[in-house]
J.: 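Please see the structure below; I have some questions.
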Amino acid sequence: MTTQEKTPDDIGLIRILQPETPSRFRLICFPGHTHSTSLYLRLAELLLPTVEVLLIQYPGDSGDSGDHLPQTVPDSEELASKIFEALGDWTGRTGRRLAFFGHRAGARLAHRVAERLERENSPLLVTLFVSGSNAPCVHAPLGPPTLRCRIVALAGDRDRAVTPAGVRAWRRCTSGPFDLETLPAARDYLDSHKREVINIVHDQLMSLPPFEPPEPPGPGGELRLLGRRHHLRPSRTLDAE
């Protein structure tokens with residue numbers, strides 16, 4: 001595990017990897033609360049060595065030490081921009097396929113950063129995992145999707161913080177594939193059902209087709225991408241409330 005030095009106003013990064021075994025994926029985690037480091041460290045241990053985890057620490061977040069109470073992170077464009085800048089080369093073409101995992105407010109932040117990645121023509125995110133969150137477009141007018149990557153939404157079937165329609169609305173955020181995974185749990189399922197969550201993340205990433213690099217530019221200099229194939233399990237749906 002490696003950490004990045006930060007001041008109280010900075011974004012910090014914690015990298016969890018197994019150096020002797022190269023990882024195939026890099027999963028960047030966006031917690032929904034400050035001071036929740038230990039929860040994500042436990043999740044990361046179960047994903048190694050296939051998935052290297054990069055954990056975001058928000059301004060004012062010192063991890064789990066001291067008497068700090070967890071605070072909900074603000075879902076703001078300003079914070080998303082700070083995260084995007086802090087990630088820098090961590091989202092570059094390193095040979096690892098890139099995915100985001102955001103929980104609660106962290107899901108909406110992950111969505112904002114994913115939009116920025118695609119606007120800036122950065123490497124395409126293979127999967128955006130959004131957990132325990134209604135989609136930002138649930139009450140917005142229907143418009144074109146802002147992402148092309150696959151979105152996998154996770155929700156507890158007894159989680160009062162989300163609605164079935166709100167979770168399903170994540171489908172409208174991407175022109176790529178969408179999958180919905182429900183857990184028989186309330187809002188604390190990242191802790192109470194962590195193995196089930198890890199199995200979903202692992203299985204979804206492993207279901208991706210082999211990486212197909214872009215074809216070299218043709219005579220006119222145009223860069224063409226090879227077609228992508230997606231093989232997904234049938235989506236699970238939330239029961240109506």
Side-chain angles (χ1 to χ4, degrees), residues 1-18 23 25-48 51-92 94 96 98-117 122 125 127-136 152-156 159 161-162 185-194 197-198 201:
M1 180 176 72
T2 58
T3 60
Q4 179 189 73
E5 294 293 331
K6 77 184 190 78
T7 69
D9 294 327
D10 287 340
I11 298 292
L13 302 172
I14 299 176
R15 185 187 185 197
I16 305 106
L17 74 165
Q18 193 165 307
S23 300
F25 298 92
R26 172 173 290 157
L27 182 70
I28 300 179
C29 292
F30 295 68
H33 295 83
T34 60
H35 311 296
S36 56
T37 301
S38 63
L39 172 61
Y40 290 87
L41 292 179
R42 292 194 298 269
L43 295 176
E45 289 173 356
L46 298 175
L47 283 168
L48 291 172
V51 181
E52 168 191 309
V53 172
L54 198 67
L55 175 62
I56 292 172
Q57 279 189 294
Y58 302 111
D61 187 347
S62 59
D64 295 294
S65 60
D67 298 324
H68 302 289
L69 293 176
Q71 301 291 324
T72 301
V73 298
D75 169 26
S76 69
E77 192 63 46
E78 179 184 2
L79 181 56
S81 181
K82 286 183 178 181
I83 293 170
F84 178 82
E85 297 298 332
L87 288 175
D89 293 339
W90 292 107
T91 59
T94 62
R96 297 178 182 87
L98 183 66
F100 285 175
F101 182 97
H103 186 60
R104 304 294 184 199
R108 296 183 290 277
L109 280 172
H111 174 254
R112 289 180 185 272
V113 177
E115 288 181 314
R116 178 81 176 268
L117 279 174
S122 298
L125 204 66
T127 304
L128 169 62
F129 294 95
V130 288
S131 170
S133 171
N134 293 321
V152 178
L154 293 82
D159 186 353
V162 299
R187 61 180 294 118
D188 63 345
Y189 59 81
L190 277 195
D191 189 28
S192 64
H193 288 66
K194 57 180 174 291
V197 172
I198 291 304
V201 172

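Values below: all heavy atoms of this structure, side chains included; hydrogens, waters and symmetry mates excluded.
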J.: Do L98 and W90 come within less than 4.5 Å of each other through their side chains, counting heavy atoms only?
T.: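 No, side chains not in contact.
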
J.: Heavy atoms only: give me the nearest H35-G60 pair and the separation to one decimal.
T.: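 Of all heavy-atom pairs spanning H35 and G60, the closest is CE1-O, 3.5 Å.
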
J.: Which is it for L13 and L87 under the side chain to side chain contact (heavy atoms under 4.5 Å, CB included) test, yes or no, and what are the steps along the way?
T.: CA-CA 8 Å; L13 302 172; L87 288 175; 4.0 Å; yes

J.: Calculate, to the nearest 0.5 Å, the distance between atoms OG and CG belonging to S76 and L79 respectively.
T.: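 One gets 4.5 Å once the value is rounded to the nearest 0.5 Å.
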
J.: For G106 versus V73, what's the shortest heavy-atom pair and its separation?
T.: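 Heavy-atom minimum between the residues: N-CG2, 4.3 Å.
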
J.: Could you tell me which residues satisfy ring pair (Phe, Tyr, Trp, His ring centres under 6.0 Å) with F129, sequence neighbours excluded, listed by chain and number?
T.: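 Checked F129 against ring pair (Phe, Tyr, Trp, His ring centres under 6.0 Å); zero matches.
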
J.: Within 45° of the six-membered ring axis of F84 and under 6.0 Å from that ring's centre, is NZ or CZ of R116 located there?
T.: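 The answer is yes, since R116 meets both limits relative to F84.
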
J.: Please name all residues satisfying ring pair (Phe, Tyr, Trp, His ring centres under 6.0 Å) with F30, sequence neighbours left out, ordered by chain then number.
T.: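 F30 satisfies ring pair (Phe, Tyr, Trp, His ring centres under 6.0 Å) with F100 once adjacent residues are dropped.
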
J.: Determine the minimum heavy-atom distance between Y189 and L154, stating which atoms define it.
T.: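 In this case the closest contact between Y189 and L154 is OH-O, 3.4 Å.
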
J.: Charged N to carboxylate O below 4.0 Å: is that the case for R42 and D191?
T.: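 Result for this pair is yes, salt bridge flagged.
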
J.: Taking all non-hydrogen atoms of both residues, which atom of S133 and which atom of A107 are closest, and how far apart?
T.: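 Closest pair (atom of S133, atom of A107, distance): CB-CB, 3.7 Å.
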
J.: Evaluate E52 against F25 for side chain to side chain contact (heavy atoms under 4.5 Å, CB included), listing each step before the verdict.
T.: CA-CA 6 Å; E52 168 191 309; F25 298 92; over 6 Å; no

J.: Do P31 and H103 touch side chain to side chain, with heavy atoms closer than 4.5 Å?
T.: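 Counting from C-beta outward, P31 and H103 never come under 4.5 Å.
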
J.: Side chain to side chain contact (heavy atoms under 4.5 Å, CB included) for I11 and Q57? Distances and angles first, verdict last.
T.: CA-CA 6 Å; I11 298 292; Q57 279 189 294; over 6 Å; no

J.: In Å, rounded to the nearest 0.5 Å, how long is the span from CD1 of I16 to CG of L43?
T.: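 With rounding to 0.5 Å, CD1 (I16) is 9.5 Å from CG (L43).
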
J.: Please enumerate all residues that pass side chain to side chain donor-acceptor pair (under 3.5 Å) together with R112, with sequence neighbours excluded.
T.: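 With neighbours one apart ignored, the set is D75, E77.
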
J.: Only one of T91, L128, L125, I83 clears side-chain contact (heavy atoms from CB on, under 4.5 Å) with V113; which?
T.: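 That would be I83.
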
J.: Roughly how far, to the nearest 0.5 Å, is CZ of R96 from CG of L27?
T.: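 Interatomic distance, L27 CG to R96 CZ, rounded to 0.5 Å: 13.0 Å.
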
J.: Working to the nearest 0.5 Å, report the span between NZ of K194 and CG of L39.
T.: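 Answer rounded to 0.5 Å: 8.5 Å.
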
J.: Nearest heavy-atom pair of V53 and C29: which atoms, and what distance?
T.: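 Closest pair (atom of V53, atom of C29, distance): CG1-SG, 3.9 Å.
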
J.: Side chains of V152 and F101: closer than 4.5 Å at any heavy-atom pair?
T.: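 They are not in side-chain contact.
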
J.: Between OG of S36 and CD of Q71, what distance do you get to the nearest 0.5 Å?
T.: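 Here the rounded value is 11.5 Å.
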
J.: Distance check, rounded to the nearest 0.5 Å: L48 atom CG versus L17 atom CG?
T.: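 If I round to the nearest 0.5 Å, the distance is 7.5 Å.
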
J.: Report yes or no: does D159 contribute a side-chain atom to a donor-acceptor pair with the main-chain N or O of A161 at less than 3.5 Å?
T.: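 A pair under 3.5 Å: yes.
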
J.: For a quick check under 3.5 Å, do T72 and R104 share a side-chain donor-acceptor pair by atom type?
T.: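 No.
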
